[in-house]
Amino acid sequence: MDFSRLTDAMASRSYDKIADICDQLMLQIASQGVAYQDEWPYAVHLLGHIYLNDLNSARFLWKSIPISIKESRPEMAAVWKIGQQLWTRNYAGVYDAIRGFNWSAEIQDFVTSFAGKYTKRMLDLLTCAYSTISIQDTALFLGMNEHDATSYQKRMIPGTHPTDPDEVVDWFRIGLYRNYKMVSRI
């Protein structure tokens, strides 16, 4: 099997292309009648769908994987645990699943990139969904402790300085600041 396109995409960190490359390769190999299951990079393929937030495709792929392969590849099961946490909207559980496994060198950068993308997506969700939110809840959504969440907010939004853990993050102000920055660039 020729995984050169997949290898190139991983090397260039074009993670948004991984799922499509894997889907195309799988169809191509399956149409040739070649047995591919034992060699297939299921963890990478599964994470490719999760990276794109395509949980339906990730679930379909998971269900199509033979049980013997699911049981023999702990890294693939760890990737699926991330997918399960996303599916159930257990935001803190996503971070626990990411931190709860010792990832191989082959997939470590991909997982790290997903974690950064997911944190940004959670930050965007918070700025749209809340006018104010506690530091504790912010930390939960961003997968950080309260100190790190406070530091993250200070880095992201100049002029905000929550110091008390019971203090709320003014997401409305943050949203206005982010919109101002976007408009001022135009």
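Model, not experiment: these values are computed from the prediction. The figures here come from the full heavy-atom set of this structure, side chains too, leaving out hydrogens, waters and symmetry mates.
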Asks: Run the side chain to side chain contact (heavy atoms under 4.5 Å, CB included) check on Leu86 and Arg89 step by step: do they pass?
Replies: CA-CA 5 Å; Leu86 288 167; Arg89 294 189 176 111; over 6 Å; no

Asks: Could you measure the distance from the NZ atom of Lys17 to the CG atom of Leu52? Nearest 0.5 Å is fine.
Replies: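 It comes to 12.0 Å.
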
Asks: Would Lys117 pass as a cation-pi partner of Tyr51, given that its NZ or CZ must be under 6.0 Å from the six-membered ring centre and within 45 degrees of the axis?
Replies: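 The answer is yes, since Lys117 meets both limits relative to Tyr51.
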
Asks: Assert yes or no for the condition that the ring centre distance of Phe3 to Trp40 is strictly below 6.0 Å.
Replies: yes

Asks: Rounded at 0.5 Å granularity, tell me how far CG in Leu61 sits from CD1 in Ile65.
Replies: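 These two atoms lie 4.5 Å from each other.
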
Asks: Measuring from His45:NE2 to Ser64:OG, what's the distance to the nearest 0.5 Å?
Replies: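 So the NE2 of His45 and the OG of Ser64 are separated by 8.0 Å.
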
Asks: Using the rule that two of Ile, Leu, Val, Met, Phe, Trp, Tyr join whenever any of their side-chain heavy atoms come within less than 4.5 Å, decide whether Leu140 and Ile98 are in one cluster.
Replies: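 They do not share one cluster, since no chain of ILVMFWY contacts under 4.5 Å joins Leu140 to Ile98.
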
Asks: Can you name the nearest heavy-atom pair linking Cys22 to Leu6, along with the distance?
Replies: SG-CD1, 3.8 Å

Asks: How many angstroms lie between atom CE of Met76 and atom CD1 of Ile107, to the nearest 0.5 angstrom?
Replies: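 One finds 11.0 Å between CE of Met76 and CD1 of Ile107.
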
Asks: Please report the shortest heavy-atom distance between Lys81 and Ala97, naming the atom on each side.
Replies: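 Result for this residue pair: CG-CB, 3.9 Å.
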
Asks: Please check this pair: side chain of Lys120 against backbone of Ala115, looking for a donor-acceptor N/O pair closer than 3.5 Å.
Replies: no

Asks: Any donor-acceptor pair under 3.5 Å linking the side-chain atoms of His49 with those of Asn56?
Replies: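 Note: Asn56 and His49 side chains miss the donor-acceptor criterion.
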
Asks: For a 4.5 angstrom cut-off between non-hydrogen side-chain atoms, does His147 reach Ser151?
Replies: yes

Asks: Pro66 versus Tyr42: any side-chain heavy-atom pair under 4.5 Å?
Replies: yes

Asks: List the steps, then state whether side chain to side chain contact (heavy atoms under 4.5 Å, CB included) holds for Tyr95 with Met144.
Replies: CA-CA 9 Å; Tyr95 295 106; Met144 302 174 183; over 6 Å; no

Asks: Of all the heavy-atom pairs spanning Arg73 and Asp38, show the shortest one and how long it is.
Replies: NH2-O, 2.5 Å

Asks: Taking the side chain as C-beta and beyond, is there a heavy-atom pair between Asn53 and Leu55 under 4.5 Å?
Replies: yes

Asks: Just by distance, with hydrogens left out, do Ser4 and Asp2 show a side-chain donor and acceptor under 3.5 Å apart?
Replies: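 Their side chains do contain a donor-acceptor pair, which is all the 3.5 Å distance test asks for.
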
Asks: Run the side chain to side chain contact (heavy atoms under 4.5 Å, CB included) test on Leu126 and Leu142 for me, step by step, so that the C-alpha distance in whole Å, both residues' side-chain angles and the decisive distance to 0.1 Å come before the verdict.
Replies: CA-CA 9 Å; Leu126 291 175; Leu142 299 179; 4.2 Å; yes

Asks: Is there a side-chain contact between Val94 and Phe114, using heavy atoms and a 4.5 Å cut-off?
Replies: yes

Asks: Measure the CG-CD distance between Leu46 and Glu75 for me, rounded to the nearest 0.5 Å.
Replies: 11.0 Å

Asks: Just by distance, do the side chain of Ser72 and the backbone of Ile69 share a donor-acceptor pair under 3.5 Å?
Replies: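 Yes, the answer is positive, given that a donor and an acceptor are paired below the 3.5 Å cut-off.
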
Asks: Search all heavy atoms of Thr138 against all heavy atoms of Ala149 and return the closest pair with its distance.
Replies: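 So the two residues come closest at CG2-CB, 4.4 Å.
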
Asks: Quick one, Gln108 with Thr112, criterion side-chain hydrogen bond (donor to acceptor under 3.5 Å, both in side chains). Give me CA distance, side-chain angles, the key distance, then yes/no.
Replies: CA-CA 6 Å; Gln108 176 66 50; Thr112 302; 3.0 Å; yes

Asks: Quick check on the hydrophobic clustering: are Val111 and Met122 connected, directly or via other members, by side-chain heavy-atom contacts under 4.5 Å?
Replies: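 Yes, one cluster joins them.
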
Asks: Just so I know, are the side chains of Phe110 and Trp103 near enough to count as touching, which here means a heavy-atom distance under 4.5 Å?
Replies: no

Asks: Restricting to salt bridge (Lys or Arg N to Asp or Glu O under 4.0 Å), what partner residues turn up for Arg59, sequence neighbours left out?
Replies: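 Residues passing salt bridge (Lys or Arg N to Asp or Glu O under 4.0 Å) with Arg59: none at all.
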
Asks: Got Trp62 and Lys70 here, is their nearest side-chain heavy-atom distance under 4.5 Å?
Replies: yes

Asks: Take a 6.0 Å sphere around CD1 of Ile67 and say whether it holds more than 12 heavy atoms from other residues, nucleotides or ligands.
Replies: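 No.
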
Asks: Any chance you could measure Leu125, atom CG, to Tyr118, atom OH, to the nearest 0.5 Å?
Replies: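 OH of Tyr118 is found 8.5 Å from CG of Leu125.
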
Asks: Check the pair Gln85 / Asp96 against side chain to side chain contact (heavy atoms under 4.5 Å, CB included), numbers first and verdict last.
Replies: CA-CA 9 Å; Gln85 301 308 311; Asp96 292 340; over 6 Å; no

Asks: Does atom CZ (Phe60) have a neighbourhood of more than 12 heavy atoms from anything else shown, all under 6.0 Å?
Replies: no

Asks: Return the minimal non-hydrogen interatomic distance between Ile21 and Ala9, and the atom names on each side.
Replies: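 It is CD1-CB, 3.6 Å.
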
Asks: Without hydrogens or angle criteria, can the side chains of Gln84 and Thr88 be said to hold a donor-acceptor pair below 3.5 Å?
Replies: no

